[in-house]
Structures are given as structure tokens and as C-alpha cells.
Amino acid sequence: MQIFDTLSRDFKELKTVNGKRLNVFVCGPTVYDKPHLGHARTYIFFDIFIRYLRYKGLRPFYLMNITDIDDKIINRANSENVPYNEISRRYSTEFFKIMKALRNESVNYYAFATDFINEIISQIERLMEKGYAYETSDGVYYSVEKFQDYGKLSHQDITQLKAGARVETNENKKNPLDFALWKKRKPNEPYWNSPWGEGRPGWHIEDTAITERFFGYHYDLHGGGIDLVFPHHEAEIAQMEAISGKPPLVDYWVHTGHLSVENVKMSKSLGNFITVEEILKSYWPESVRLMFIGMNYRDTSNFIMDGLNGSQTIAEKLTWIYRRVADTEAQEKENYDAFMKEIKEPLEKNMNTPDSLVAINDFIKWASNELNKTEGKNGEIKAILDDLDSIFGIVRKAPIPEAIVNTILEIRKSARAKGDYATSDKIRSDLSKLGIKIEDRGNESFAWW
RNA sequence: GGGUAGGUGGCAGAGCGGCGAUGCGCGGGACUGCAGAUCCCGUUUAUUGGGGUUCGAAUCCCCACCUACCCUCCA
């Protein structure tokens with residue numbers, strides 16, 4: 001399949017160097033607040049990407065870091081007057097809860113930065129030995145001028161960066177672009193011991209320490225939000241390739257576009273951050289996923305409520321179909337082959353999920369028609385739904401006590417037979433409030449949820 | 001100022017040299033006790049602007065304008 005690589009600015013054929021194994025690292029969150037829709041966008045995309053690779057028969061190892069020590073975490077801890085690790089524990093727990101709620105289940109391992117302090121120190125020591133790092137009164141810094149390729153990922157010219165950028169003022173640094181590998185302890189800050197005294201790791205070094213431990217000097221694919229390209233991923237390249245002397249760090253750099261809300265950039269100051277928690281109070285995770293499937297992952301996209309409402313409609317159609325065939329045995333026959341081909345093909349072209357959605361809609365239309373005519377195609381419909389769910393996670397299979405629902409339907413049926421529509425309508429509307437929809441087809445009724 | 005990615009109907013969003021998809025929304029009809037779902041029809045000239053290449057351009061080239069992201073933490 002083809003995938004767009006940020007470094008080469010081109011589509012590249014995805015090849016593995018290790019048979020079916022594919023080592024993948026995606027930048028996880030800094031856990032100092034609740035996840036918002038932008039996080040959902042990025043992590044749902046990578047979840048579907050990995051699910052699809054597995055569906056294809058590859059064996060990706062999906063590694064994600066959790067930044068559990070950082071200025072933001074410390075600030076939040078100070079403002080709440082609690083230890084830093086209470087903040088990181090609270091919001092990492094929240095993050096995992098949200099990931100599960102969104103049906104992002106493909107991560108193999110979450111690596112907490114603070115569990116890799118030894119690896120971090122080891123990397124900094126090696127950078128010092130090789131002359132890429134220097135110590136100052138407040139920390140250890142990476143000297144970007146020592147690394148010839150600095151800027152290659154974001155296609156920046158270091159001298160140009162100096163020219164216009166607002167750069168942090170730090171008298172101790174040789175170059176304003178130099179970034180911290182180790183930050184020496186200030187009063188009331190958490191710390192670990194190191195050859196440079198008590199302190200804590202810089203942000204960029206966490207990720208290379210973790211990936212070196214799991215994957216070594218080189219791995220297949222690195223993902224994250226577009227905003228991380230510079231300086232974060234640039235710094236990762238500088239660190240690991242300087243240490244190893246064996247570029248490249250990774251073969252494919254994959255970045256997701258940002259999400260705005262009702263045409264306004266999401267930001268704390270504007271107060272328009274929409275948390276995933278809030279959205280999931282009113283919408284199914286399947287709907288949220290379908291909404292993002294309808295967007296190209298690389299585009300800067302705009303979230304509008306109408307769009308999510310539309311996705312909810314599609315999610316409900318899929319569920320309606322699923323309920324009708326839930327008890328059927330899956331059959332992978334000709335219609336299954338034809339629809340799955342149409343659905344998979346766009347994914348081969350840089351995960352063009354909007355085009356897959358077209359094929360999914362074709363399937364919905366076909367399946368609805370078939371279900372109105374005959375039961376002959378139910379097995380194939382079931383097989384397609386199973387695959388759709390394993391690739392995209394968009395088929396809702398909520399467990400509801402069917403026996404009870406069926407009993408209620410029987411009661412309602414006799415009410416209708418007597419022409420007692422007041423009762424039958426009340427049952428219908430009450431169940432609807434519980435998320436159970438009833439449809440009448442002649443004398444018989446069908447329930448779904 | 002520098003870098004990068006883009007500009008297609010009310011909204012979302014494909015197509016990337018040869019009738020401009022698809023979904024949502026909206027309008028109408030069939031069906032229904034009603035509703036929902038489903039089905040059918042419609043939504044009349046939607047490709048930022050201007051040049052160029054070509055028999056033919058949304059698609060390739062040039063110019064302009066506009067947008068987003070990055071150059072500070074950010075998915």
C-alpha cells in the first residue's frame with residue numbers, strides 16, 4: 001500500500017524490513033488534562049491504520065508513549081497543590097478510559113516516560129561522549145549545529161529559523177534552537193538522579209529512549225499530529241541518528257492534520273475545547289469514528305455538529321442492519337468479495353478512508369434492500385459487517401437483554417391487535433428513550449439498538 | 001519573514017488529463033393506525049481568480065488571491 005511520508009514529501013510503498021513485523025511508534029499525550037476531539041482524531045486514525053495492517057496479515061507492534069513528566073503536569077500539580085504523579089496518574093487513567101470508549105484498542109504497549117529514566121540518561125551520556133550535547137548551569141542541551149541534517153524532516157533551514165522565530169531566551173544555550181535533554185532541578189520540582197545532578201528529562205529524549213529500548217536504532221513507522229513535526233520529531237531524528245550514526249531513524253513519517261471546531265481553531269484561551277468525554281455523552285463512539293473516516297487524515301479538518309449528526313445516522317443504519325443478521329453465520333461469498341474489495345482498495349492509497357466510506361454506503365444501501373426482500377444474503381451481510389467492524393470499529397454491538405425486549409414486544413403486539421395505540425405508542429417512546437428503537441412491519445415488530 | 005500542506009455544491013468529501021462521485025441536510029412521493037426504517041424522484045450552470053499547455057483540465061505549468069499548520073508547549 002501507499003503511504004505519504006513527511007520526510008520525503010511523497011507517497012511511498014509501505015514495505016517491511018522484517019517480514020510481517022512492523023514496528024510502529026505513535027506519540028501519545030502529555031497527561032495533564034482530559035483528551036479532546038483533536039486527540040480523538042489522531043488516535044482513531046492510527047487505530048484504524050493499525051487495524052487495517054493487521055487485517056492485511058501484517059504484524060505491527062504498536063507502541064505509544066505517555067509523557068508523565070513535563071512542565072504542564074508540574075504546573076497543574078502546583079496549582080492544585082498535589083504531587084505531580086497524582087496529576088499524571090489521574091489523566092493517564094482518563095486517557096486509557098477514553099481510548100477504550102472510542103474503541104481504540106490496537107496499541108500493544110503504553111510506555112510511561114518515567115519508567116525509562118535509565119535509558120534516557122544512557123542516551124544523553126552517549127550524546128555527550130560524541131560531542132552533540134553540552135552541560136550548562138540549568139541543564140544539558142543538544143547542539144543542533146553539530147547535526148548536519150537538523151531540519152530535514154520539516155524542511156527548515158536553521159539559519160532561516162533563527163531569523164524570524166520567537167526564540168526562548170536562555171543565556172546559557174549556545175544556539176537558541178538547542179533543546180533540553182535534561183533539566184536540572186528547581187525548588188519544588190520532582191527529580192531523578194543523574195550524572196548532571198538531580199533533575200528530569202527533556203521532552204524529546206523520552207521518545208528515542210523508549211523506541212531504542214523496544215526497536216533499536218531503526219524502526220518502520222513513526223506517527224503523530226502534524227504539529228509535532230518541528231521541533232519534536234526533528235529532535236528525535238537528531239538524537240537517535242547522532243547516537244547510532246546509522247540513519248534513518250524511521251522509514252515512514254506519518255502525520256495527522258489538525259481539527260478546528262466550527263471553523264475556529266481549538267484552544268484553551270477561546271474555551272472551545274471539546275472533550276471526548278462530553279461528545280460521548282450524546283454520541284456513539286462508532287459515530288465519532290465514522291465522522292473521522294469521512295475526513296482525509298492529512299487535511300486540516302473542521303468539526304461541525306451537523307457532520308457528527310450525519311455520522312450518527314450512518315452508524316444507526318449499520319446497527320439496524322447488524323441487528324437483523326446478528327444471529328446469522330457469516331458467509332464469505334461473492335457479494336462479500338465484491339464489497340470488501342471496494343472498501344479495501346481506497347485504503348491501499350494512503351488510507352483514503354472517505355473513499356472507503358463511499359463503498360460502505362453502497363453496502364448499506366444494498367444490504368437494506370436485500371433485508372427487505374429475502375434472508376438469502378444474510379450470511380454475506382454478516383461477514384461484511386464483521387470485517388467492517390474489525391477494520392474500522394464502526395458496528396455497534398451493544399449487549400441488551402433480548403429476551404426481555406421480546407417479551408415487551410409481545411405485550412405491545414397484543415395491544416396493537418386490540419387497537420390500543422396509546423399503550424403501544426407509549427411502549428415505543430419509552431423504549432426509545434432507553435436507546436431501543438422499535439419498527440413495525442405489518443403486525444410484526446423489530447427492535448434494534 | 002521562512003517552511004509545509006491545501007483551496008470542489010448548504011455542509012463533509014472523492015476524482016488528480018476525457019460524461020463533476022458519495023454521504024449528510026433539505027423538498028416531494030410510496031408504504032404505515034401513527035412514527036421510524038426502507039424504496040423512488042428532486043435539490044436548476046459546485047471545481048478561488050487570471051493566463052498557458054492540450055483535440056480535451058478540477059486534474060499539468062505560470063501568476064495572483066485566500067486558508068490551515070509549523071518556526072514557543074500543543075494530537
Side-chain angles (χ1 to χ4, degrees), chain A residues 4 6 9 26-30 32-33 35-46 67 70-72 75 151 153-169 176-177 179 203 223-234 255-260 263 265-268 290-291 293-296 298-314 316-317 320-321 324 346 349 352-362 364-365 367-369 371-373 416 419-422 424-425 428-429 432 437-442 445-446 448:
Chain A
F4 187 86
T6 306
R9 281 177 289 187
V26 172
C27 281
T30 299
Y32 72 102
D33 208 344
H36 55 68
L37 274 179
H39 294 109
R41 196 243 178 118
T42 292
Y43 298 125
I44 286 173
F45 167 73
F46 282 107
T67 300
D70 177 81
D71 289 347
K72 285 194 160 106
N75 290 342
L153 179 67
S154 54
H155 310 99
Q156 305 271 6
D157 182 334
I158 291 185
T159 57
Q160 289 297 328
L161 283 175
K162 280 187 194 169
R166 289 168 288 165
V167 287
E168 58 186 287
T169 51
L177 294 171
F179 54 85
W203 180 36
I226 187 78
D227 52 306
L228 298 181
V229 172
F230 190 93
H232 187 52
H233 293 163
E234 200 77 68
H255 292 102
T256 54
H258 264 211
L259 191 72
S260 56
N263 286 312
K265 178 184 174 176
M266 266 199 282
S267 76
K268 292 258 160 162
L290 278 161
M291 178 179 71
I293 286 167
M295 300 173 179
N296 185 303
R298 289 179 62 225
D299 288 345
T300 300
S301 296
N302 187 33
F303 169 83
I304 51 171
M305 250 350 183
D306 281 353
L308 182 55
N309 286 330
S311 300
Q312 178 76 19
T313 302
I314 297 172
E316 289 180 7
K317 287 182 183 180
W320 178 84
I321 294 169
R324 309 214 116 207
K349 296 174 187 162
N352 187 346
T353 52
D355 250 6
S356 293
L357 187 56
V358 171
I360 292 170
N361 282 318
D362 286 345
I364 289 172
K365 188 161 189 156
S368 301
N369 270 315
L371 290 170
N372 286 337
K373 286 189 292 189
R416 291 182 72 217
D420 181 4
Y421 294 120
S424 72
D425 288 354
R428 185 168 64 194
S429 71
S432 179
K437 309 285 173 56
I438 294 177
E439 292 174 22
D440 296 326
R441 305 169 65 81
S445 298
F446 169 67
W448 64 280

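In what follows, every heavy atom counts, from backbone to side chain, and hydrogens, waters and symmetry copies are set aside. In what follows, chains carry the letters A, B, and so on, assigned in the order in which the sequence lines appear, proteins first and then strands, with residues in each chain numbered from 1.
For B/U44, there is no paired nucleotide, since no Watson-Crick or G-U wobble pair has both relevant distances below 3.5 Å. Judged by Watson-Crick or G-U wobble contacts below 3.5 Å, the nucleotide B/A37 has no partner. Across all strands shown, B/C16 remains unpaired; no Watson-Crick or G-U wobble contact has both distances below 3.5 Å. Across all strands shown, B/A68 forms a Watson-Crick or G-U wobble pair with B/U4, both key distances being under 3.5 Å.
A donor-acceptor contact under 3.5 Å links the side chain of A/Arg428 to the base of B/C34.
For the pair A/Glu234 CD and B/C73 P, the computed distance is 14 Å after rounding to whole Å.
Residues A/Thr300 and A/Pro231 both approach RNA chain B. Their nearest nucleotides, taken by heavy-atom distance, put A/Thr300 toward the 5′ side.
At least one cation-pi condition fails for A/Arg441 and A/Phe446: the charged atom is not both under 6.0 angstrom from the six-membered ring centre and inside a 45 degree cone around its axis.
Using a 4.5 Å heavy-atom threshold, the side chains of A/Phe303 and A/Arg41 count as separate.
The aromatic rings of A/Tyr43 and A/His39 sit parallel to each other, their planes meeting at less than 30°, with 60° as the upper class boundary.
Residue side chain A/His36 fails the stacking definition with respect to B/A75, as its ring centre and the base's six-membered ring centre are not both under 5.5 angstrom apart and under 30 degrees in plane angle. Stacking of the aromatic ring of A/Phe230 onto the base of B/G3 is not found under the criterion of centres within 5.5 Å and planes under 30°.
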